[in-house]
Every structure is written in structure tokens, then in C-alpha cells.
Amino acid sequence: MTAKKLPAKKPIIIANWKAYLTRVEEVQRFALSYTRVAKKYTHVDLSVAPPFVLLPAALAAFKKVNVRIAAQSVSPFVDEKQTGEVEASMLKSLGVPQVIVGHSERRHPTVGAGESNDIVRAQVAAAAKSGLTIVLCVGEQERDAAGTHFSTIASQLTSALEKAVAPATKLMVAYEPVWAIGKSAKDAMQPADVHEMVIFIRKTLVEILGRTAGVKVPILYGGSVEAANAQELLQQGGVSGFLVGHASTKVDSLTALLDAVR
Ligand code: PGA
């Protein structure tokens, strides 16, 4: 396939740190070494998503560079005084502008938090109410010859965005096929398959949100994006950027990836 041009807008890169970085000092060290080289990376729109307890440290540590902070999840409740919940308004008042919603590791019924489509819809509504930018994750567990992955993605999108609560400017969709997460570049999805799904997601967004809003929502890909496959996925996958797990958790592998999408 002939190489296409990189997208005209800055690629959106969201570093999903999951629970890789666990201590304040690790966040500070990461931010310090990234800050030293940050001037080289003005061609990307970078966010980092640390665990909840490290959000204040990340907000402080990345203050001097153009890196946005995102939360990895949010409570579906609004002002319900529920034990253990981190509500959208708390994130907003802390100064966190973005939140990842519906990541497959949160949706998983046994090893995750068991977040169903209904919970994800409530999380989207709660985040929208507080004016947070939402990174809505969708993705199939497996693929089969019958192509059921398309209906899985359509129902995840339709359910989460049923009430069209978030303006298109405050919404991104991250397509993350579960089978491609946490592996290596060679096991990631092929750019042509990503492109096919991006077209399907775009069509579904237009159906749900209407044409004007539906065409504006950035669509990201996530699942074993590394420096080795980032450029090809960006050029041929039709995506606006990436949600990156393991490759974003060390400054070296993150900057190698940012170099690759130059
Ligand atoms: P990965 O994770 O890049 O390690 O595959 C992506 C994600 O789960 O968001």
C-alpha cells in the first residue's frame, strides 16, 4: 500500500499509564526527564493518564510543559455520597480536564470493575455534566469470521452516547480491540483493518450524533502501539492518534513513539 500523508492536525497521543507508575516520585522523575526534551515534541497533542491518587502529583509535575492530564476512569454517580467513588466534579475541581471512560480493563466482569454498557453511559453523562473531555473506549473481545465485532462496537457506541450528552468537541472515541492490548507491535492490528473499523465508527457516530457533530469526533486506536508501528497506523489507519499503554510508561519508549509520528 502506498504511504499516505500524516494527518494535518497534530496527532493526539494519550498515555494510559494504567497501574504501571505507582509512586509520586516515579511521576516526578518521568515529568522531569520529559520536560528536558519537551521542546522536541510540539508536533503532538500529548496527555498522560495516571492512577487517581497520582493526579495531583502529575498536575504539578507537568505544569511547565504542554501535557494535559487525564483520569483513567470516573464514577457513574453524581453527588451521591457513595463510599469510594471519585466523581467527575472532583476531577474537575482538581483541574483534570479529561477522562478515559469504558476501558476494557474496567469493563471486564471478573478481573475488572465490571462496568457494563449502562454504567459506561452513566459515566459519560456524569463526565459531560462536569464539562470533562471524554475518551470513550470501545472494542471487541475477539474477532470471528461472521464479523460480530461490528455489531459489538455499534452497540457500545449507541449505548454510551444514547442521549448525545457530550458536545462533539468534548468527545473522542478510542477503538481498542481487547485481543490486541498489552502485546507488541507485531501483534497489533493491521493498519488496513484499523481503517475499516474507523470508517465504521465514523458512520455510527454520524448516525448517533448527526452529521455535523459526528464528523468532528477524533477517533483514536489503542492496542500495542509502539514506535515500530505508530507511523504506519497513523498514515494508513485513518486515526487521529493513539491511546498508548505500555509504550507510554517509560520516557524513552514514549519519545521514540512521538519521534515516529513526526
Ligand atoms: P497497550 O495498552 O498499549 O499496552 O496495548 C493500550 C490500552 O490498554 O489502553
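Only a predicted model underlies this, so the values are computations on that prediction, with no experimental measurement involved. Remember, it's 1-based here, ligands and their atoms both numbered in the order they're listed.
Scanning for salt bridge (charged side-chain N to carboxylate O under 4.0 Å, His left out) contacts around E207 gives K203, with sequence neighbours left out.
For residues 101-119, the set of pairs meeting the salt bridge (Lys or Arg N to Asp or Glu O under 4.0 Å) definition, not counting sequence neighbours, comprises K18-E105, R106-E115, D118-R121.
The structure places OG of S47 at 9.5 Å from CD1 of I13, a figure rounded to the nearest 0.5 Å.
Partner of Y175 under the side chain to side chain contact (heavy atoms under 4.5 Å, CB included) criterion, chosen from I153, L136, L220: I153.
At a 4.0 Å heavy-atom cut-off, the residues surrounding ligand 1 are N16, K18, H103, E176, I181, G182, G223, S224, L243, V244, G245, H246, listed by chain and number.
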Please tabulate, one pair per line, all N/O donor-acceptor pairs under 3.5 Å involving side-chain atoms of residues 83-90, not counting sequence neighbours.
| residue | atom | partner | partner atom | Å |
| --- | --- | --- | --- | --- |
| E85 | OE1 | S75 | OG | 2.7 |
| E87 | OE1 | D79 | N | 2.5 |
| E87 | OE2 | D79 | N | 3.2 |
| E87 | OE2 | E80 | N | 3.1 |

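Aromatic ring orientation, F242 versus Y221: perpendicular (interplanar angle above 60°, classes split at 30° and 60°).
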